[in-house]
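Below is one structure, written out as structure tokens; comments come after it.
Residue numbers begin at 1 in each chain, while the letters A, B, ... track the order of the sequences.
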Amino acid sequence: MAHRITLAQRAELTKFERLLGEPAHSLDWLATLDAAAIRGLRERATAVLFDSDRKRFQGLASASRLLPVPLLVKIVEFALSPFLCARVAGLMQAERAIAIAERLKTPFLVETTIEIDPRSADELVAGMPVARIVEVAVALAQRGEYVTMGRFLDSVSLDAIGAVLRAIDDDAALLSIAFFAENFERLNEIVELLPAARLQRLVHRSATGSAELWGEALALMGSVHRDLARKLAAIAGDLDDSALAHMLANTRALGCWDQLLPIVLEMAPAQQRRIVQMPALDDAGTLSAIAETAVHLLGAEPVMALLAQAPDAIREQVLAYAVQAGRPLAAAGSAVAPKSKGKQSR
Amino acid sequence: MAGGPEALKAELGGELPPGLEGLDAASQARLAKTLRDARQRQQKHLGEAIDEALKHIPALLRGPIRRLFD
């Protein structure tokens, strides 16, 4: 059976493909490794690729100290490609590199940002004026450079991130950038910056968009602290029936019940009831997948709380699966047994 | 495929990072080749970028500036 690539693996594989210049999905065969191992591999490969030619650029970086910044900017834009500029910038004193970056034409700076060594970018990016960061971020977002942007979330101040969030109206872009974040702790701080109306829009956009976008939203909800996850879950639980149906269809397409069910468990009981009674869940394949996830991942008590609100078909399937899996579901003194009479009304 | 763990270690500059021990020999060889190809593409791109940059430099200065890249 083909190994399903998890959302975390997908993010790491995409970042690795970008580093190596490989086409999308060309490294899916590495999915026998977990996400942490793929990340470790990418970090090692980054060091090899950027350090192998370090000496070649050190000479130029040192020589650049002899020239005034305005002249250096002219030479850089005239003679060097962004690729070469990025290599040299990574070896310069941060203050000098920032002074040059402030004067470079925006398209050139954008290309250089894509090529820069992520290990030396922190100090450069942290020292850039907010307005410049916003300019570059908007251009990167327009180009779909979400891997690059995700890489810099740790380096950019929250003030700058707030300014970027106000400048980028595209919710799908924000989700994609978050998907490629290097540090999930940072995502908590960033989500907290978003006003309630924007969060609602984000959740609605992701639930009603492509399966890929919904996957990115699920990854975000699975990465933040519990309070935030609960907040996002509540927003998802308030979606209208059409949006909920689309969300469930996307979850089925991704096979990500292990990501969605913990979110459903964070919802209010009334919201949970709506979801478990959605017609979108009423097919054998979907119920098997949900049952498998529920039994192996969630534990008896939360599963039974959900089952108590579910139609007979769903409850019967999950209970039967649990028995087959050797993990019959029954809390002490309150077993949830299959109903023998009629269906629950929806 | 030629290669295996030693080829992969060579491409990664040392001992394998954690988690890669589980990769089978064919995957290790494939990964070594993928990394080698990426490194060689980068070298080629770098050489072309330097040559292109030098075209913009006055001929008298090209030699000294090329030496900065060596």
Item checked: Set of salt bridge (charged side-chain N to carboxylate O under 4.0 Å, His left out) partners for A/Glu123, sequence neighbours left out ->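 Salt bridge (charged side-chain N to carboxylate O under 4.0 Å, His left out) check on A/Glu123 returns nothing, list empty.
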
- Item | Pairs meeting criterion salt bridge (charged side-chain N to carboxylate O under 4.0 Å, His left out) with involvement of residues 99-109 of chain A, two or more places apart |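 Pairs touching residues 99-109 of chain A that pass the test: A/Glu77-A/Lys105.
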
Which answer fits [X], side chain, backbone, both or neither, if we ask what part of it has an atom under 4.5 Å from a heavy atom of chain B?
| X | value |
| --- | --- |
| A/Ile75 | neither |
| A/Leu30 | side chain |
| A/Asp53 | side chain |

Go through the atoms of [X] and report whether side chain, backbone, both or neither lie under 4.5 Å from a heavy atom of chain A.
| X | value |
| --- | --- |
| B/Arg41 | side chain |
| B/Leu31 | both |
| B/Gln43 | side chain |

Work out which heavy atom in B/Leu12 is nearest to a heavy atom in A/Arg44; give both atom names and the distance.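 Between these two residues, the closest heavy atoms are O-NH1, 3.1 Å.
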
Per-residue tally against chain B (heavy atom, under 4.5 Å) across A/Leu19, A/Asp51, A/Leu20 peaks at A/Leu20

**Message:** More than 12 heavy atoms of other residues, nucleotides or ligands under 6.0 Å from CG of A/Leu66: yes or no?
**Reply:**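 It does: A/Leu66 CG has more than 12 such atoms within range.
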
### Query
Are there more than 12 heavy atoms of other residues, nucleotides or ligands under 6.0 Å from atom CD of A/Glu212?
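Counting other residues, nucleotides and ligands, CD of A/Glu212 stays at 12 neighbours or fewer.
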
Given side chains that start at C-beta, do those of [X] and [Y] come closer than 4.5 Å, heavy atoms only?
| X | Y | value |
| --- | --- | --- |
| B/Thr34 | A/Phe16 | no |
| B/Glu52 | A/Leu80 | no |
| A/Val48 | B/Leu35 | no |

Taking a cut-off of under 4.5 angstrom between non-hydrogen atoms, the residues of residues 83-99 of chain A near chain B are A/Phe83, A/Leu84, A/Arg87

(message) If the contact rule is any heavy atom under 4.5 Å from chain B, which residues of residues 35-43 of chain A qualify, in numerical order?
(response)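 Residues A/Ala37, A/Gly40, A/Leu41 are the ones that qualify, each having a heavy atom under 4.5 Å from chain B.
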
* Of the listed residues (B/Leu46, B/Leu23, B/Ile50), which shares the most heavy-atom pairs with chain A below a 4.5 Å separation? ->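 The residue among B/Leu46, B/Leu23, B/Ile50 with the greatest pair count is B/Leu46.
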
Heaviest contributor of heavy-atom pairs below 4.5 Å to chain A, chosen from B/Arg39, B/Lys55, B/Gln42, is B/Gln42

